[in-house]
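For reference, the structure discussed in these notes is given below.
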Amino acid sequence: MRSLTLQKLVLLAWVLPQPAIGLAEIKPESMPESIVLPADPNPHWVWVSDVVFHHMADGKAYLVDGDTGRFLGMLSTGMGFVGLELPSDYAQIYSPETYFSRGTRGERTDVITFYDPRELKPTGEVVIPPKRFPGMPTHNHSAITDDDRFLIVYNFTPAQSVSVIDVRERRLVGETETAGCALVLPSGDRRFQMMCGDGSLLTVTLNDQGEVTAKQRNEPFFDPQADWVTEKAVRFEDTWIFVSFKGNVYPVDVSAERPKPGPVWSLFNQAEREASWRPGGLQHLAVHQTSGKLYALVHQGGDGSHKDPGQDVWVYDLKTQRQLQRIELDKLSTAIEVSKDDTPLLFSIFIGNPTLDIYDAVSGKYLRSVEEIGLTPTLLQTP
Amino acid sequence: MRSLTLQKLVLLAWVLPQPAIGLAEIKPESMPESIVLPADPNPHWVWVSDVVFHHMADGKAYLVDGDTGRFLGMLSTGMGFVGLELPSDYAQIYSPETYFSRGTRGERTDVITFYDPRELKPTGEVVIPPKRFPGMPTHNHSAITDDDRFLIVYNFTPAQSVSVIDVRERRLVGETETAGCALVLPSGDRRFQMMCGDGSLLTVTLNDQGEVTAKQRNEPFFDPQADWVTEKAVRFEDTWIFVSFKGNVYPVDVSAERPKPGPVWSLFNQAEREASWRPGGLQHLAVHQTSGKLYALVHQGGDGSHKDPGQDVWVYDLKTQRQLQRIELDKLSTAIEVSKDDTPLLFSIFIGNPTLDIYDAVSGKYLRSVEEIGLTPTLLQTP
Amino acid sequence: MKWLDKLSERSARTLARNSSRRSFIARVGTLVLGAAAVPLLPVARAGANSRPPAPGESGDPDSCDYWRYCAIDGYLCGCCGGSFNTCPPGTTVSPITWIGTCANPVDGKDYIVSYNDCCGKSSCGRCMCNRNEGDRPVYQPFLSNDINWCAGSSADVVYNCSTAVVLGLAVAES
Amino acid sequence: MKWLDKLSERSARTLARNSSRRSFIARVGTLVLGAAAVPLLPVARAGANSRPPAPGESGDPDSCDYWRYCAIDGYLCGCCGGSFNTCPPGTTVSPITWIGTCANPVDGKDYIVSYNDCCGKSSCGRCMCNRNEGDRPVYQPFLSNDINWCAGSSADVVYNCSTAVVLGLAVAES
C-alpha cells in the first residue's frame, strides 16, 4: 500500500498545487444520515418508472431534478411495475405493486404501497385483489378520482375488472367486473371511463363510499376496423384526447354524465400523411394544461409502427388544432412528458437507452442529459 | 396488413425460390409443451450464475451446452444469488436462496430450494436461518459433504456461523457459531474446513446426524500480513489449493483430522514476478482432476489488482508444479471453469460482458461464444 | 480493443429491444458501419435450439425475421431452452393468448398464429423480438401483444419467453 | 448515428463495473479512441449531488477517482440522492462496515475511511466504483469490500449505495 500511496502522490504533485504546510487535517465525521427531500416538490422534478424487462421482479421508480440533473432518490416497486399515482397535493405517493412469496413463484400479493414523498419511505399498504393488469406500462392502468379520494386499478386475469381503493381511509372498497372494457380514465370526483373493444367508452359511477352505482356503455366514438386509437390517451381539462395509429385526434368531453365526442382532427396534413408520419412510442402524448398545448412524439413509418420510437416532437394548440412547433429531439425516444408549471420542461427517454434528456418545452432547446436511469425506462411523470 | 403482406411477398420473391404450386399447407399445431432434459447431463454442460448487481432481488442460473452453444434452460434463484450446489450424481440441484415478503423489504426468508435437474422445477424447500453470507459470490459460500449427505451454508450477520442441512431427509440440522472463521471447504464425509482471519483453518467435524461434534482451530498455514491468499481456493483430490495475491501457491492436505500444509510454490518465476503478473478475477482458479492440471486466470497488475479481469490462462501440473501452457483468451475474463471429462472444455466469462466463451481445455483453441447470458455473470459450474 | 465491437453489438441489441423489426434492421445497419474498423469474432447464433421449421416453411425460427413472428413481442423461446413451438424446461404454457395473422413466404398463404407465452421463471433475456403487424391496443386483448399473457397460466404473470404456434389458415381477406 | 457514441459510453461503464480504477481508466482511454469519430454530446455529470468536499480536500466526490474511494466497491451515494457521507432518502445506514486507508492528496496524510452502505432499496445502479487498495479477502471481514455490509443494518442485506466517511488519521506506517 505504502509504495502505491507514494506513486499516487508523485502523480498528483504533477497536477495539483503543492500542499500548504501545516494545513489542518480533516476532522472525523459522524455516521451518515439519510437525506430528507423538501416539503414542496419542484415542478421540474420528474419520476421515471422502469418495468425492468430482464428482471421484472425488481421494478424501480427514479426521481430526478430537471433543473440540475440531480438524481434525488428512488423507490423499489416490485414485479411488473407500471408507475406511481401522485395526488394533486403530492402529500403522499401511491404505488400499485405485486409480489410473490418466492420472488418469481409462490403466493402472489398485490398491494397499494403508501410512500412519504419527503422521506421516500413506505408508511403503509392496502392489500388488493392479486389481479393488476400485467400489460406494457401506460398511465391509464390505474388512476385517482379528481378529488384525490379513490384510487381505481384495472385488473386482467384475463377476466376484466377494476378494484376501488379508498386512499383516505386506506382500505379496499371492492372489485367490479367490466367485461369487454379496459383501463381507467378519470372524469370527475365519482366517475371514470373505460375503453371497450368496440370503440365505445364504459362510464362507471361511484358513490361517496366508492361503491360502483352505475356502469353505462356508450356509443362507439371511433371505428376500430378503420382506425384504432392508442390506449395512451391524455386528458386536457374535461376532455380526453385519443390519437389513432394514423394520427387522427378524437376529443371526448367527459364533463357530463355521458361522454360527448368532439370534432375529429388530424396531427398531419396531406403532405405529412403521404410522407407516412405517424405517432409512436410508449408514452407518445403529453399535455401542458395552462397553455393548452399537445406534445406528440412522431416518426415516419407505416402500419405496425405505432410503438416505434420517434425523434421528433410536434406541438399543437388544442383550442385551434394548429401545429405550433416542431422539436427535433437529441435522441430516439419512446416516452415524453411536460412539467406542469409556466416555464415548462420537456422530458424524453428511450426504453433502449437509459438516459433522460431535458429540453425547454417552450423553445424546444436541448438543456441536459442525465445518464444511468434504470435498465428499460418506461414512463415519465411530473408532480 | 394486406398491403404489408404483399410488400413482404414481393421482397421475398427476390431472395427465395418461387413457391411450388399446390404445396401442402402447414397443419395446425398443438399447445406448446415443456422440454424435459436428458437424464444424464452432458459433461460439457455449464451452469452460469448471475447475482445481477443492478437487480439483486432477481438472481438467475443459466444452463448452456458447451458443445453446441445451445441455451438449455434457467432457474430463478432470488436475492443475492451465489451459485447452485450440484451433488456428484446430479440427481438433484440444491439452491441456497433469499427472499423478502415485499421484494426488497418486509420479512426475510432463506431457503434451500430443491430442483429436479431434468425438468428444472422446484420439488421442495427447506427453510434455513435467514443469515446467508451476503458476499461477492465464490464457490466456497456453501458446500456439500463428500458423501453428498449434508449441505453446509456459511452465515454472516455480521456474526459468523454455519447452517447444516440434511439434504437426504430435507431438514435443517442446526446452526453453529464459527467466530473469526469464514466460508466452507469440505474435506471428507463428516468434516469441513473454514478460513480464519489469522491465516489458520478451523476444522469442523459432524456426526452421522450432521450435528457438530468438534471445532478445531489449527496453526496458520500462511502469514496474512506478508501475503494474503484469496478466498477462491480450489480442491484437488484431498488437497485444497490456496493462491495468494502475489501468486504463491499454498497446498493443504485435508485427508487427515488435522490439515497438513505442503510445500509452497509460485505460479510465477522471477521474470514473471518482475513483469508484475498476478492472479485476478472472481473465479480465477480451476482444476481438472483426472489430469491434475491447475488453470489460473492471470494479468499484469500491482497491489490492489487481485480482482481485476485477466485475458490469460496459465496451466500448471499440480504434481510437478511446472507451467505447461499459456492460453490467451479471446476476451477479458473474471471467471473460468473446466469440464470434468477427459476431453475437457474451458469456459470463460467476464462479469462486464455477458458472453460465454468456450475453448478446448487441452489445446486452448477458441471454439465458440454464446451471447446474452445474463447481466453480470458471476460464477461458472460444471456438472 | 477486441471487447469494443462485442460491446457495440450488445448495445445494438439493447437498443433494438422493444423497437420494431424495421428499426432494428436500420440500427444494426448503422452499427455495422460504426464497428466496421474492428473485425467481428465468430459467434454462435444466440439461439441454436429450434428444430428445423415444419415442412412447407423456410427461415430461421431463432431469428426475429422468421415469418411466424409478425406480431410477437418478447423473448424467443428457441433461444431460451425451448423452440418456436415448445416451452423451456420448468416453464408452464399460457393456454390463453393473443393471435396474429402472418403470411408464410413459402406458400404465400396467411396463417393464424397463436403466441403462447411460457411462464414461471423470470425473463429469459435472450433474442428479444418485437414486431407489431396487426397488433391492436390492449382494449382489444386478443389482438394485443402488449399484454403479459402469463396472467392466464398456472404460474400467474411470471413471464419467461414466447412461442408462435400455427392454428390454421386465415380466412381470405377481402 | 447520434445514439452510437452515447451507447459506447454506457458500454464502457458496464465494462468498468467491478473492475479496478486502473483498468477503468485504461478502457475509457481506448474507448475514447473508439468513439472519436463521433462528437460527444453535452452530458450532466452522472452525479451532481454532493456538497463540495470538506476543507482540506480536493477532487470530485462523485468521481471514482476521489481520494476517499481507494477501497470502495459499490454505487457512489452522491450519484444516488445522497452524498459521499450521507444516505439517499428512505435508505438506512449500515453502522458496521469495512474500512480503508486512503492518502489525502491535499495534506499528503493517510486517513482511515469507513465505507458505510446505505440500505433498504434495490441497487441505485449509478456511478459504480470498485477500487481495491488494501482490500482483503472476506475471511478478514472488516478489511473486505466484497461483503454486503447492509447485513448489519435494520434493512438487512438490501444494498442501495456506498458512502466514504473519514474516521480520522491513520497511524503512521513503519
Side-chain angles (χ1 to χ4, degrees), chain B residues 1-2 4-6 8-9 11-13 15-17 19-20 23-37 58-60 62-63 68-76 115-116 118-122 311 330-332 350 352-355 358 366 368-375, chain C residues 2-3 6-7 9-10 13 41-49 54-58 67 70 77 79-83 85-93 95 101-111 116 118 120-122 124-127 133-134 158 160 163 165-169 173:
Chain B
M1 238 230 55
R2 184 136 194 74
L4 245 205
T5 307
L6 290 176
K8 202 171 164 200
L9 288 173
L11 282 174
L12 286 155
V15 288
L16 291 175
L23 191 111
E25 69 201 31
I26 302 167
K27 298 273 165 294
E29 296 166 337
S30 55
M31 185 82 68
E33 291 171 358
S34 297
I35 300 274
V36 174
L37 294 169
D58 191 48
K60 298 180 187 178
Y62 302 96
L63 180 61
T68 61
R70 288 175 58 212
F71 181 100
L72 298 177
M74 60 171 277
L75 297 171
S76 283
Y115 295 97
D116 169 67
R118 293 147 197 80
E119 295 198 36
L120 300 185
K121 274 186 185 164
Q311 199 156 349
D330 181 75
K331 308 184 187 68
L332 283 170
F350 178 41
N353 175 11
T355 299
I358 302 166
Y366 167 81
R368 63 190 62 88
S369 296
V370 188
E371 299 185 292
E372 292 190 295
I373 305 296
L375 189 66
Chain C
K2 272 183 178 169
W3 50 271
K6 184 76 30 269
L7 288 173
E9 286 176 35
R10 287 182 54 223
R13 271 195 305 278
L41 306 164
V43 169
R45 217 179 49 249
N49 275 22
E57 291 188 84
S58 67
W67 74 276
C70 74
C77 286
C79 304
C80 301
S83 75
N85 63 5
T86 55
C87 284
T91 61
T92 306
V93 71
T101 304
C102 305
N104 175 7
V106 172
D107 62 14
K109 293 173 178 165
D110 285 354
Y111 288 86
N116 297 82
C118 300
K121 297 173 186 287
S122 184
C124 154
R126 308 187 78 223
C127 300
E133 296 170 26
V158 181
N160 183 248
T163 63
V165 174
V166 165
L167 295 186
L169 272 181
E173 304 173 34

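Labels below follow one simple rule: chain letters A, B, ... track the order of the sequence lines, proteins then strands, and each chain is numbered from 1.
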Nearest heavy-atom contact between C:Cys87 and B:Pro32 is SG-CB, 4.2 Å

Most contact-rich option vs chain C, by heavy-atom pairs under 4.5 angstrom, among B:Lys121, B:Lys60, B:Arg118, is B:Lys60

Highest number of heavy-atom pairs under 4.5 Å with chain B among C:Asn160, C:Asn116, C:Val158, C:Thr92 belongs to C:Asn116

- [ ] Please check if the side chain of B:Thr355 supplies one atom and the backbone of B:Val370 the other of a donor-acceptor pair under 3.5 Å.
- [x] no

Correct closest heavy-atom pair for C:Pro105 and C:Ser58 would be CG-OG, 4.1 Å

Honestly, the part of B:Met31 sitting under 4.5 Å from a heavy atom of chain C is side chain

Are we looking at SG atoms under 2.5 Å apart for C:Cys118 and C:Cys80? no

Bottom line for C:Ser122: the part with an atom under 4.5 Å from chain B's heavy atoms is both

When the 4.5 angstrom heavy-atom criterion is applied to B:Ile358 and chain C, the contacting part is neither

message: Please determine whether disulfide bond (SG atoms under 2.5 Å apart) holds for the pair C:Cys70 and C:Cys102, giving the CA-CA distance in whole Å, both sets of side-chain angles, and the decisive distance to 0.1 Å.
response: CA-CA 6 Å; C:Cys70 74; C:Cys102 305; 2.0 Å; yes

When the 4.5 angstrom heavy-atom criterion is applied to B:Tyr115 and chain C, the contacting part is neither

